[in-house]
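Residue numbers start from 1 in every chain, and the chains themselves are labelled A, B, ... in the order their sequence lines are given, proteins ahead of strands. Keep in mind the model is a prediction, meaning the values are calculated, not measured.
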Amino acid sequence: MAGLATAVLLVLAGAALALGAVIVLGRAVRRTREARQARLAAPGRRVLLSLAAGDDEPENQQTLVRLEPAAWRAIEPTAVALLGKVRGESHAALVSVFEQRGMGERALDDVRGRGAMRRARAAEVLGNLGRRDAVPLLVSLLGDRDPDVRAVAARALGRIADPAAAAALLDSLAGRRPIPPQVVADAVMRMGAGTLEALTAALDHDAELVRATSVEVLGLIGAITAAARVIDTLDTDPSPEVRERAAAALGRLGTRSALAPLLAAVAPENPPGLRARAAHALGDLGAVAAAPALDALLADPQHEVAHATAHALLRLGPAGREVLEQAVATGPDPSPGRHAAARTDGLSVAAERAARYAWEALAVAEVDERRRDGAPARSEQPTAVGR
Amino acid sequence: MIPHPSMSTVLDWVREVLHVTDTAILVYFLFINTSYLVLIVLATVEFVHHLRRVPLSGFEETYRSPLTQPTSVLVPAHNEEAGIVESVHAMLALRYPVFEVVIIDDGSTDATFDRLAAEFDLVEVPRVVPDSVPTRGAVLSVHVPRLRPDPLVVVRKAGGGKTDALNVGINVARHPLVCMVDADSILDPQALLSVAKPFADDPLRVVAAGGVVRIANGCTVVAGRIVDTRMPRTWLPRIQVVEYLRAFLLGRTGWSRLGGLLVISGAFGIFRRDLLVEIGGLDHDTIGEDAELVVRLHRHLRHLKRDYRIVFVAEPVSWSEAPDSLAVLARQRRRWHRGLAEVLAKHRAVIGNPRYGRIGLVALPYYLVFEFLAPLVELAGPVLVPLGLAVGAVDLGFAWRFLLVAYGYAMLINLIALAVEEYSFHRYSRWRDLGAAVVASVVENLGYRQLTAFWRVQGTWSALTGAKHVWGEMTRTGFVGRRS
């Protein structure tokens, strides 16, 4: 027994010592490696940064092209990152360095390789190089089994900005190997107007997420020619989430044709989330004709609807302001500390509700104006104009 | 002297019982330490995977994207005049596209509000606050900066405790994501981006994310940011650093990987606002309101059979000041354990219930046996084993084994946790700090553990008896009449 206990004690002590050694050695190894990398990287880094800053001495390019493999490896991550950030002549110069070093060709090979990290890094390089010939390969990577590889491939396609990849990107939102919708949306947005066809086609996709993302992107890129299709989606899509995003998109597109559908969307039979978004979108449109409809919504029992309405009215110019001031004037005094005599009929409750939301909106507007002008306040507390 | 016959049978019986219990205690320690080892291995796998991919994770893109979901940062504050201004400045400087910082002044009796009002030139606005979740303390006023365009909102309310303050914050919050932070937490600039990223990566499933909390004692803080990470100067916080590494950083990462994360620290957690409203916000009658919220969220979503994920983000990080005195540490540990007891009692229907999947079958039972009951066993060990030795129920060999399994193994686990931290994050760059950490790993088992076990048992006792608790003068009732 004692022998066993001693043996276990020795094992534990040995393990503890081994761990201690691992910690200490690990740190020492890491530090030496970092120091070595820094040493190797130093000369190349300087040249790299000056090249990226626009210093187009031809020697800079040549220096980088002729760097030893170890030295290049030390600065490669920085170089790839810079490649993705810089524009114009600096970008062209860097691309030239990469291509002369054969990085582009190597990336085309690595993209098919084993090892997810290798594929991901290669995809990133191809994207930053802007190699249009790599688009089919990258599109196939959208179905890679590693989620990080898929995301990097999507981003790379966004950088290359070839609209031909848009349909595949939108498709990759659904299915067993999905890509985060934000990544896809950002990539498609970078591709510009050539994606219009793919986006409008995706409005009929089976998957809710695809429709939702497509309609949102249409709004964000300002695709006015697609307004009719977006209106269709607002009116007829089975998913409330998609309809909400369609409403938001119409607000961004700002076409006159959006007024009627949005006014229909704020009607009480719709879900509150949609009504609030539609109210907000009416504010984006800035159409004065919406003011009476919004007036009716100020007293809505749903907080998000009333709130969105009040703030939308602020953006309808003087007509909207008029509505808000009316609501404050005709309702019971909503200021804190003053309690109006409570009547129990619905009219007073509604008027009080409308007055509160209107008062908040007007106060917020006053704060915003003051901040813009940088002027000191006229009074201590924000009050409704005209009181 | 010939012992009386019945005396000898009593002694035999005692010997028998002690032998059984001592063996049971040994097995218990073996299990609990091995479970830590398993969690650490899982966490290590997660870190290795995560760290290799950090360069590819696209934080820049998330920062610049118009689709990144706006977030409301909720900061409940009660008598925080000392650091509130610096804290708010630091939070306003967080790196995130669209967010608001909501400070909820929960009936402070000091200059908390006055300092904020002076610094930011606050002006009252008649903001309409909905009753999305039930609250107790009335909202007195809402303020924003007069001229500065900072997204800051300061809410004054009647005192009602931290939970009520957070619930009011949920009501005031404008954005779809809500991040709960302590007023004295120090956040890394990228913290909000990191903890919100899971929502961007998997928007259909992720409902909540917790961030790791590290110990700020000894670190250099400039303008509300940690600029130099050092181990604390005194031993009590040093031991807590090791404890936090093992239990929070590694333990929670491990649980997150298993899909059984039960606790998101109130000092740093982010949730979908609509779900918080769906489940009625935080529970006023529980001390462990952060853990209770997560368990209730799990329960709600499993009930509805929704596909969801609650994740733990290991880096970057939120920093808190750890107790530096035994008295304060004792209060903290009593409170934590009492909170655990209340959560387990409230949700006892979930324990062992296959309807709740991993939460019911693995996570909650584990917490019951290896977290809640642990202090009892920890205190029983050093008492019953020597007793057993004295009456001959166990021999010296057993005693040795017990020491090794209970404490030697535990020290080893701590060292492993240190090694993993060193490999993955290496935040403590000085050799001296590393040395202090190693010593703390050993010392934790020589008295600190036993002390915290004692306090935790006290926490259980106060949960059973329903003693009064103080955070903003809230009174708790005991187990009687509690809904499950």
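In this structure, chain A has a heavy atom under 4.5 Å from the backbone of B/R148, while its side chain stays farther away. With a 4.5 Å cut-off on non-hydrogen atoms, A/A151 does not touch chain B at all. At a 4.5 Å heavy-atom cutoff, the contact between B/L204 and chain A is made by side-chain atoms alone. Heavy atoms closer than 4.5 Å to chain A are found in both the backbone and the side chain of B/L412. B/S141 does not touch chain A: none of its heavy atoms, backbone or side chain, sits under 4.5 Å away. Using a 4.5 Å cut-off between heavy atoms, B/T62 touches chain A through backbone and side chain atoms alike. Residue contact with chain B, scored on non-hydrogen atoms closer than 4.5 Å, involves the side chain of A/A116 exclusively. At a 4.5 Å heavy-atom cutoff, the contact between B/D201 and chain A is made by backbone and side-chain atoms alike. Both the backbone and the side chain of A/V24 come within less than 4.5 Å of a heavy atom in chain B. Proximity to chain A (any heavy atom under 4.5 Å) is shown, for B/S132, by neither the backbone nor the side chain. Proximity to chain B is limited to the side chain of A/L209, based on heavy atoms less than 4.5 angstrom apart.
Of the possible donor and acceptor atoms, one in the side chain of B/R273 sits under 3.5 Å from a partner among the backbone N and O of B/I170. A donor-acceptor contact shorter than 3.5 Å links the side chain of A/R155 to the backbone of B/L56. Without hydrogens or angle criteria, A/D110 side chain to A/R119 main chain gives no donor-acceptor distance under 3.5 Å.
Of the listed residues B/W431, B/Y423, B/Y409, the one with more heavy-atom pairs under 4.5 angstrom with chain A than any other is B/W431. Comparing B/V438, B/I416, B/V442, B/L418 by heavy-atom pairs within less than 4.5 Å of chain A, the highest count is held by B/I416. Contact tally against chain B (heavy-atom pairs below 4.5 Å) for A/E304, A/E216, A/H303: the top residue is A/H303. Ranked by heavy-atom pairs under 4.5 Å with chain A, the first of B/R64, B/R52, B/E60 is B/R52. Ranked by heavy-atom pairs under 4.5 Å with chain A, the list B/S441, B/S57, B/P145 is led by B/P145. Comparing A/E124, A/R121, A/H307 by how many heavy-atom pairs each has under 4.5 Å with chain B, the most go to A/H307. Of all the listed residues (B/L67, B/D121, B/V128), the one sharing the greatest number of non-hydrogen pairs under 4.5 Å with chain A is B/V128.
There is no side-chain donor-acceptor pair under 3.5 Å between B/T135 and B/N167.
A salt bridge is defined here as a Lys NZ or Arg NE, NH1 or NH2 lying under 4.0 Å from an Asp or Glu carboxylate O, and B/E100 with B/R127 meets this definition. B/D307 and B/R205 are joined by a salt bridge, as a carboxylate oxygen and a charged side-chain nitrogen come within less than 4.0 angstrom of each other. Salt-bridge formation is detected for the pair B/E422/A/R27: a Lys NZ or Arg NE/NH1/NH2 atom is positioned less than 4.0 Å from an Asp or Glu carboxylate oxygen. At a threshold of 4.0 Å, the pair A/E360-A/R356 does not count as salt-bridged, since none of the basic side-chain nitrogens sits closer than that to a carboxylate oxygen. A salt bridge links A/E244 to A/R277: at least one charged side-chain nitrogen sits closer than 4.0 Å to a carboxylate oxygen.
Using a 4.5 Å heavy-atom threshold, the side chains of A/Y357 and A/T309 count as separate.
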Original post:
Are B/T68 and B/Y96 close enough, and set up right, to give a side-chain hydrogen bond (donor to acceptor under 3.5 Å, both in side chains), and what steps lead you there?
Top reply: CA-CA 9 Å; B/T68 301; B/Y96 198 75; 5.9 Å; no

